[in-house]
Amino acid sequence: MTGNNQTLISKFLLLGLPILSEYHFLFYALFLAMYLTTILGNLLIIALVRLDSHLHTPMYLFLSNLSFSDLCFSSVTIPKLLQNMQSQVPSISYVGCLTQLYFFMVFGDMESFLLVVMAYDRYVAICFPLHYTSIMSTKFCTSLVLLLWMLTTSNALMHTLLMARLSFCEKNVILRFFCDISALLKLSCSDTFVNELMIFIMGGIIIIIPFLLIVMSYVRIFFSILKVPSTQGIHKVFSTCGSHLSVVSLFYGTIIGLYLCPSSNNSTVKESAMAMMYTVVTPMLNPFIYSLRNRDMKRALIRVICSKKISL
Ligand SMILES: *[C@@H]1O[C@H](CO)[C@@H](O)[C@H](O)[C@H]1NC(C)=O
């Protein structure tokens, strides 16, 4: 096998989390708790939006789509991470790795698009309240969501096929806790120019443009509120938009930092911590920030629980 660079690798080692053995149990419990919180929080939102007809508005339907993507997005990485923490050798098969890569991109991109759609929805609601129902019609929302699913699945398929073309020779250590596209490219012994070009182009379309659109929507919301100042209005906008913006900056900030401006002096631990932010922390926080603090959601929860009691 020596010197034969066609020796194909059948599995990769995921060594992204160098956790000392004395803290192993602590981190295992922490990740498990975060995962369960993500699943329960997001399932609760999907169920509430489904069950309560007052929540059948674009904002909550988008939110329920976001919860669905959050749920899937964290299920792509965390169960494998938990399984690997229990095994001696944290490995993943080649096919498993490409599958993880595909679904990671589908749900990660969907998350990015949905955050824009939700910011746009708030922008229309606040800046054009009289035209809201005609702009955000059911037909428009359904087609938009369908279009986004088509975009994310085909983009992920393209990147996965481009990755499947590459050969991997000797290096098989991924310094992440999941199969990450940029970490995989570094291991390949083929020419990765086309892959890097596509990451750069699609990354711009999927990450930078949505991020700018979100910032623009919130800036316009901000100015439209300032035009008609009322303490209540300003308070409301700061409390909702402030928390939205913090999630948005956590999500985009870490992704942009990791993929679009990678720095060579980042340590593995620092990069893994950044990756944790958008793969584990934002999907967990989204349900709380976008909805469970929200009055309509609390009312819906009470309605759903009470109507169940009555029907029993
Ligand atoms: C996603 O959004 C669409 C369009 O608004 C809606 O019809 C659909 O029920 C939503 N899906 C989920 C899982 O909430």
Side-chain angles (χ1 to χ4, degrees), residues 35-79 102-157 206 209-210 213-214 217 221 240 244 247-248 251 279 282-305 307-308:
Y35 183 57
L36 292 178
T37 314
T38 310
I39 297 292
L40 289 178
N42 286 303
L43 274 183
L44 180 63
I45 289 179
I46 296 174
L48 275 184
V49 173
R50 206 48 12 149
L51 292 175
D52 195 88
S53 57
H54 293 84
L55 299 183
H56 290 176
T57 61
M59 177 170 136
Y60 291 106
L61 289 173
F62 292 141
L63 187 67
S64 153
N65 276 276
L66 182 73
S67 284
F68 176 72
S69 324
D70 274 338
L71 211 140
C72 300
F73 190 50
S74 51
S75 300
V76 173
T77 50
I78 310 185
Y102 175 78
F103 286 106
F104 185 82
M105 282 194 285
V106 169
F107 297 115
D109 294 350
M110 196 58 199
E111 177 124 3
S112 169
F113 284 139
L114 282 171
L115 290 175
V116 186
V117 170
M118 290 171 71
Y120 177 71
D121 174 76
R122 288 302 81 207
Y123 162 66
V124 176
I126 292 174
C127 300
F128 308 98
L130 300 180
H131 303 285
Y132 182 72
T133 36
S134 59
I135 298 177
M136 303 302 274
S137 65
T138 313
K139 198 171 153 218
F140 174 74
C141 296
T142 318
S143 342
L144 188 63
V145 169
L146 270 181
L147 177 76
L148 295 184
W149 280 113
M150 272 164 20
L151 269 179
T152 56
T153 45
S154 46
N155 175 59
L157 187 64
I206 289 172
I209 295 179
L213 286 176
I214 291 176
S217 316
I221 289 175
T240 52
H244 287 195
V247 172
V248 164
F251 183 74
T279 52
T282 44
M284 182 180 74
L285 290 183
N286 276 346
F288 299 98
I289 288 189
Y290 277 91
S291 52
L292 297 179
R293 307 180 358 161
N294 169 315
R295 209 181 297 136
D296 292 338
M297 275 303 204
K298 283 187 195 140
R299 285 202 192 121
L301 186 60
I302 293 168
R303 268 197 301 268
V304 167
I305 293 171
S307 72
K308 281 278 155 333

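Note that ligands are numbered from 1 as they come in the structure, with each ligand's atoms numbered from 1 the same way. Nothing fancy with the numbering, it's 1 onward along the sequence.
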| request: Return the option from L71, V49, L61 holding the heavy atom at the smallest distance from atom 5 (O) of ligand 1. | output: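 Nearest heavy atom to atom 5 (O) of ligand 1 lies in L61.
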| task | Name the option, out of L63, N65, T142, that contains the heavy atom nearest to atom 3 (C) of ligand 1. | result |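 Ranked by closest heavy atom to atom 3 (C) of ligand 1, first place is N65.
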| said: Please identify which of these residues, T152, N286, T282, N65, meets the side-chain hydrogen bond (donor to acceptor under 3.5 Å, both in side chains) condition with E111. | reply: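 The residue from T152, N286, T282, N65 that satisfies side-chain hydrogen bond (donor to acceptor under 3.5 Å, both in side chains) with E111 turns out to be N286.
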| task | With the side chain counted from C-beta on, respond yes when Y60 and L48 share a heavy-atom pair under 4.5 Å apart, and no when they do not. | result |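 A side-chain contact under 4.5 Å is absent here.
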| field | Any side-chain heavy-atom pair of H131 and V124 under 4.5 Å | value |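 A side-chain contact is absent here, since even the closest heavy-atom pair is not under 4.5 Å.
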At a 4.0 Å threshold, what atoms of ligand 1 neighbour a non-hydrogen atom of [X]?
X	value
S64	12 (C), 13 (C), 14 (O)
V145	2 (O), 4 (C)
R50	9 (O)

| Protein heavy atom under 4.0 Å of atom 7 (O) of ligand 1 |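 Within 4.0 Å: no protein heavy atom nearby.
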| Distance, nearest 0.5 Å, that separates CG of L55 from CZ of R303 |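 Between L55 CG and R303 CZ, I get 6.5 Å after rounding to 0.5 Å.
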| query | Knowing that exactly one of F107, F104, F68 qualifies, which makes a ring-ring contact (aromatic ring centres under 6.0 Å, His included) with F73? | reply |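 The single option meeting the ring-ring contact (aromatic ring centres under 6.0 Å, His included) with F73 is F104.
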